[in-house]
Amino acid sequence: MCGIFGYVGKKEAPAILIDGLKALEYRGYDSAGLYVAGAGLVKAVGQVKNLEAKLTPDFKGTVGIAHTRWATHGVPTEVNAHPHTDCEGKIYLAHNGIIENYGELKAELIGKGHKFASATDSEVVAHLLEDFVKAGSTFSEALTKTLAMIRGTYGLAIVNTSEPDRLYVARKGSPIVLGIGEGENFLASDPSAIVPHTKKVLYLNDGEWAILKTDSYQLFSLAGEEIKREPTVIEWSVEETKKGGYDHFMLKEIMEGDNVIKNSFRGRLLEDSLEIKLDELKEVEEKLKGIKRIIITSCGTALYSGMVGEYMLEEFAKIPVEIEYASEFRYRSPIVEAGTMVMAITQSGETADTLAAIREAKRQGALIVSIVNTVGSTIARESDAVIYNQIGPEIGVASTKAFISQVTIFSLLTLYLAKLRGVASDEETKKMIKEIVALPEKIKSILERREEIKEVATKYAGFTDFLFMGRKYTFPIAFEGALKLKEISYVHAEGYGAGEMKHGPIAMIDPNFPTVALCLSDSVYEKMISNVEEIKARSGKVLAIATVGNETLKTLADDIIYVPETVEFLESIIAVIPLQLFAYYIGIGKGYDVDKPRNLAKSVTVE
Ligand code: M6R
């Protein structure tokens with residue numbers, strides 16, 4: 001995820017800005033840049049040290065902004081790296097977030113004669129500011145007018161070269177924190193970069209903007225009214241700030257769940273008109289109309305999200321879908337007929353087997369449409385079209401937030417393809433869209449009860465074997481729940497379709513082999529209850545994941561974790577959160593480093 005840092009004071013800014021960027025490196029990025037008032041603009045692709053190497057001894061100044069970019073619009077190049085500027089190089093800005101209506105704004109500004117240098121959404125902000133200033137607004141007025149025009153999310157740090165003693169900063173949706181020092185002030189997207197300088201911080205709220213000078217700060221509302229607020233003191237260490245105050249990246253990433261869903265559908269789901277808009281598929285739209293079959297191929301957690309996607313696409317978009325382990329697909333002489341679309345699902349975009357699988361599919365002429373989190377990664381580059389997750393890098397080795405984002409994107413893609421193929425009823429699509437919009441709050445309500453899940457995990461921490469079972473949309477969740485537990489707690493766990501129990505696994509059931517049963521109120525609920533009865537009849541222990549209000553399971557299961565109600569189509573997202581937390585708490589209870597489980601790598605770039 002992009003990082004922003006800014007400094008205004010009496011010391012030399014370049015070195016402080018570079019240190020600020022280094023403190024934000026852990027967030028992941030692909031290019032970096034800085035602007036120092038009076039000295040100029042420097043950018044570099046790759047690591048911050050590449051940027052540092054470009055700074056000459058005469059590059060001096062005491063006010064500046066810096067940015068690490070994690071590409072969302074436009075490939076990682078120097079031109080696309082921040083800060084961006086207006087036509088005349090008078091305004092410089094660094095932006096985190098996504099400007100959803102940048103296309104329309106850019107077209108309008110080009111019509112007025114503005115010249116754009118980059119492919120980013122961010123640059124539009126610099127030109128809008130320029131436009132208002134040229135029309136006679138003060139810079140503050142130009143800023144409030146610009147903020148009123150842009151849709152989407154932003155954390156903005158701006159230098160107006162006509163007022164080189166100050167930084168302008170604004171926030172909506174993307175975090176911005178001010179650091180209040182003695183004769184110097186800071187801004188950053190994340191307090192970990194500020195804590196080495198000062199522990200006095202002031203978090204900007206959504207819809208607020210500020211002016212930061214060497215000895216003062218002023219906060220304003222979007223309406224331009226001044227807001228009085230005192231800084232708070234943070235007690236976190238630098239390491240803790242990187243994890244947002246959580247003990248582990250894995251927990252931080254699980255706890256981001258509600259925002260992950262919002263970011264995944266941001267700009268793609270039009271809440272007013274209840275429509276799905278996937279601009280990234282525009283170029284392949286004609287081909288999509290004619291596809292006869294989809295093959296989804298990936299590995300690990302990404303494969304399980306693909307399994308959910310398979311069910312969604314077949315049920316609602318009425319397209320035949322097959323799910324393939326990439327590691328098998330690449331070697332088993334698959335047949336890819338004309339009219340096949342192959343989808344790679346991947347957080348890293350670099351997984352060796354997934355890459356080999358799409359290369360094989362491409363060789364046979366398939367259209368490749370992928371869901372990728374890492375912009376500019378190899379799989380993204382080799383696909384015909386990419387839907388990016390828009391959720392920032394995942395740092396914990398166990399994939400958590402990527403999974404719920406991948407499934408969210410499958411839900412959008414399903415509704416989009418259903419409409420494109422004329423098989424969607426407007427009423428049903430609108431109902432689904434409303435349910436997608438409601439997901440973040442529902443996820444939040446589960447996350448808020450994490451202590452309850454911790455207690456249940458503590459109760460089950462002594463068992464050495466687990467069975468996870470589900471049906472239909474929770475079938476892949478049984479695999480994913482078992483994988484999470486194996487990965488971070490090194491406990492043996494198996495995921496099974498509940499319908500397969502009688503075909504073998506039920507032989508394993510005894511009081512020492514607990515089952516995690518996914519019994520949500522859906523079309524296969526009665527079947528799941530029968531499976532639970534069968535396990536209880538064999539003295540097996542059952543931890544049920546059930547929909548809130550379910551009374552039946554109280555007399556059947558040993559323990560229950562309740563989740564909010566949603567439509568069956570989306571229940572996998574709701575069901576997986578307690579399993580991620582369950583695995584996390586068992587793992588940390590055993591004292592393991594859940595962020596870096598033994599023998600595992602975040603990106604599996606070799607076979
Ligand atoms: O980067 P990718 O999404 O392609 O990675 C795929 C798998 O390696 C990954 O999901 C792996 O299974 C995770 N460790 C699961 O938590």
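Every value quoted in this text rests on a predicted model; they were computed, and no experiment measured them. All values below come from the heavy atoms of this structure, side chains included, with hydrogens, waters and symmetry mates left out. In listed order, ligands and their atoms are each counted from 1.
Close contacts between ligand 1 and S399 involve ligand atoms 15 (C), 16 (O) [criterion: under 4.0 Å to a heavy atom]. Which parts of ligand 1 touch A398 is read off a 4.0 Å heavy-atom cut-off, strictly below it: atoms 16 (O). In summary, the atoms of ligand 1 found under 4.0 Å from a heavy atom of K484, numbered by their order in the structure, are 15 (C), 16 (O). For ligand 1, the atoms sitting less than 4.0 Å from at least one non-hydrogen atom of V397 are 13 (C), 14 (N), 16 (O), numbered in the order shown with element in parentheses. Numbered from 1 in the order shown, with element, the atoms of ligand 1 that lie under 4.0 Å from a heavy atom of A302 read 3 (O), 10 (O).
Side-chain contact between T346 and N373 is absent, with no heavy atoms from C-beta onward closer than 4.5 Å.
Remark: minimum distance from atom 8 (O) of ligand 1 to any protein heavy atom is reached at V604 CG2, 3.9 Å. Protein heavy atom in closest approach to atom 14 (N) of ligand 1: E487 OE2, 2.6 Å. The protein heavy-atom contact nearest to atom 10 (O) of ligand 1 is T301 N, 3.2 Å. In this structure, the protein non-hydrogen atom closest to atom 1 (O) of ligand 1 is S348 OG, 2.6 Å. What sits closest to atom 3 (O) of ligand 1 on the protein, heavy atoms only, is Q347 N, 2.7 Å.
For F479 and F468, the distance between ring centers is not under 6.0 angstrom. Taking the centre of each ring, Y490 and Y592 come in below the 6.0 Å mark.
In this structure, the side chain of K484 engages the main chain of S399 through a donor-acceptor pair within 3.5 Å.
For T351, every heavy-atom contact with ligand 1 shorter than 4.0 Å involves the side chain, none the backbone. Proximity of E350 to ligand 1, defined as any heavy-atom pair under 4.0 Å, is not found for any part of the residue.
Open room surrounds NZ on K527; 12 or fewer heavy atoms of other groups in view lie less than 6.0 Å from it. Within 6.0 Å of the CD atom in E280, the count of heavy atoms belonging to other residues, nucleotides or ligands exceeds 12. Within 6.0 Å of NZ on K362 lie more than 12 heavy atoms contributed by other residues, nucleotides or ligands.
For a threshold of 3.5 Å applied to N or O pairs, the pair formed by T354 and ligand 1 contains no separation below that value.
The closest approach between a heavy atom of L600 and any atom of ligand 1 is not below 4.0 Å.
Of the inter-residue distances, the one linking Q364 atom CD with E337 atom CD reads 9.5 Å to the nearest 0.5 angstrom.
For atom 6 (C) of ligand 1, the nearest non-hydrogen atom from the set C299, G300, A583, S305 comes from C299.
Both tests do not hold together for K454 against Y584: distance to the six-membered ring centre under 6.0 Å, angle to the ring axis within 45°.
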Under the criterion ring-ring contact (aromatic ring centres under 6.0 Å, His included), I'd like the reasoning laid out for H67 against Y29: C-alpha separation, chi angles, the key distance, then a yes or no. CA-CA 10 Å; H67 189 263; Y29 64 102; 9.8 Å; no
